[in-house]
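Report on one structure; see the data block that follows.
When a residue number appears, it is its place in the shown sequence, counting from 1. This one's a predicted model, so the numbers in the text were calculated from it and none came from an experiment.
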Amino acid sequence: LRQVAGHLDSQRVVLAPATVGFTPDVQVLLTITRLDSGESQPAILDAQWRLIDRRGQVRDNRIIHLQEQHAGGTAAQVQAQGVLLQRLAAQLSVALKPLANQPPIAEAPRKPAAKAAAPAAEKDKQPKIPMAAPIRTDMEVFRF
């Protein structure tokens, strides 16, 4: 998050879920499927991102495979993995820049809400039960 914010020179980069009332210019769905290395293997990062604009349309979809050689020790492996994350942030920032300042969505004119008052009152009488949300259970193990 900090790397992308630094590349974009913006303080408006937030982690989802954002605060109420915040409308993002672009939503990034990033999945890192692999980030590992070994003493004799290079550091490898496999990731995919999708960029979704204000209208909910996918504007970019990319799969990335990055490799970084290292000296073999644990510290060198961690440093190489850090370099891969920096390169990922740089590439993601390049893809985000054209979408950063989209024009706002024009709101449709609203009709008077005279008839909508009665159904709204009925809605308030119903008990408010929080919506169930799925729990992500696909766990991944990364070696460091």
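The two residues Gly72 and Gln77 make their nearest non-hydrogen contact at O-NE2, 3.2 Å. What you find for Ser93 and His7 is that their closest heavy atoms are OG-CB, 3.1 Å. Looking at every heavy atom in both residues, Leu29 comes nearest to Gln27 through CD2-NE2, 3.8 Å. Considering all non-hydrogen atoms of both residues, Asp36 and Arg34 come closest at OD1-NE, 3.0 Å. Scanning all heavy atoms of the two residues, the minimum distance from Ala43 to Ser37 falls at CA-CB, 3.5 Å.
Two different hydrophobic clusters hold Val94 and Leu99 under the rule that ILVMFWY side chains link at heavy-atom gaps under 4.5 Å. Taking hydrophobic clusters as Ile, Leu, Val, Met, Phe, Trp and Tyr residues chained together by side-chain heavy-atom distances below 4.5 Å, Leu88 shares a cluster with Leu15.
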Under the criterion salt bridge (Lys or Arg N to Asp or Glu O under 4.0 Å), I'd like the reasoning laid out for Asp60 against Arg50: C-alpha separation, chi angles, the key distance, then a yes or no.
CA-CA 6 Å; Asp60 190 12; Arg50 286 190 314 163; over 6 Å; no
Decide side chain to side chain contact (heavy atoms under 4.5 Å, CB included) for Asp25 and Arg54; before the verdict, give the C-alpha distance in whole Å, the side-chain angles of both, and the deciding distance to 0.1 Å.
CA-CA 6 Å; Asp25 290 335; Arg54 287 185 186 174; 2.3 Å; yes
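Enclosure of atom CD in Gln86 by more than 12 non-hydrogen atoms of other residues, nucleotides or ligands within 6.0 angstrom is indicated. In this structure, Gln3 places its CD atom where more than 12 heavy-atom neighbours from other residues, nucleotides or ligands lie under 6.0 Å away.
With hydrogens and angles disregarded, no donor-acceptor distance shorter than 3.5 Å links the side chain of Arg12 to the backbone of Pro24.
For the side chain to side chain contact (heavy atoms under 4.5 Å, CB included) with Val83, the qualifying choice from Glu68, His70, Gln69 is Glu68, the only one to do so.
Summarising the geometry, atom OG belonging to Ser10 is positioned 10.0 Å from atom CG belonging to Leu96; distances are rounded to the nearest 0.5 Å. In this structure, Leu84 CG and Ile44 CD1 are separated by 9.0 Å, a value rounded to the nearest 0.5 Å. The distance from the CG atom of Leu85 to the CG atom of Leu35 is 5.0 Å, given to the nearest 0.5 Å.
Asp46 has its side chain out of reach of Ile63: every pair of non-hydrogen atoms, C-beta onward, lies at least 4.5 Å apart. With contacts defined as side-chain heavy-atom distances shorter than 4.5 Å, the pair Leu51/Leu92 qualifies. Side-chain contact between Leu66 and Ile64 is present, with at least one heavy-atom pair separated by less than 4.5 Å.
Inspection of the Asn61 and Gln48 side chains reveals an N or O donor paired with an N or O acceptor under 3.5 Å.
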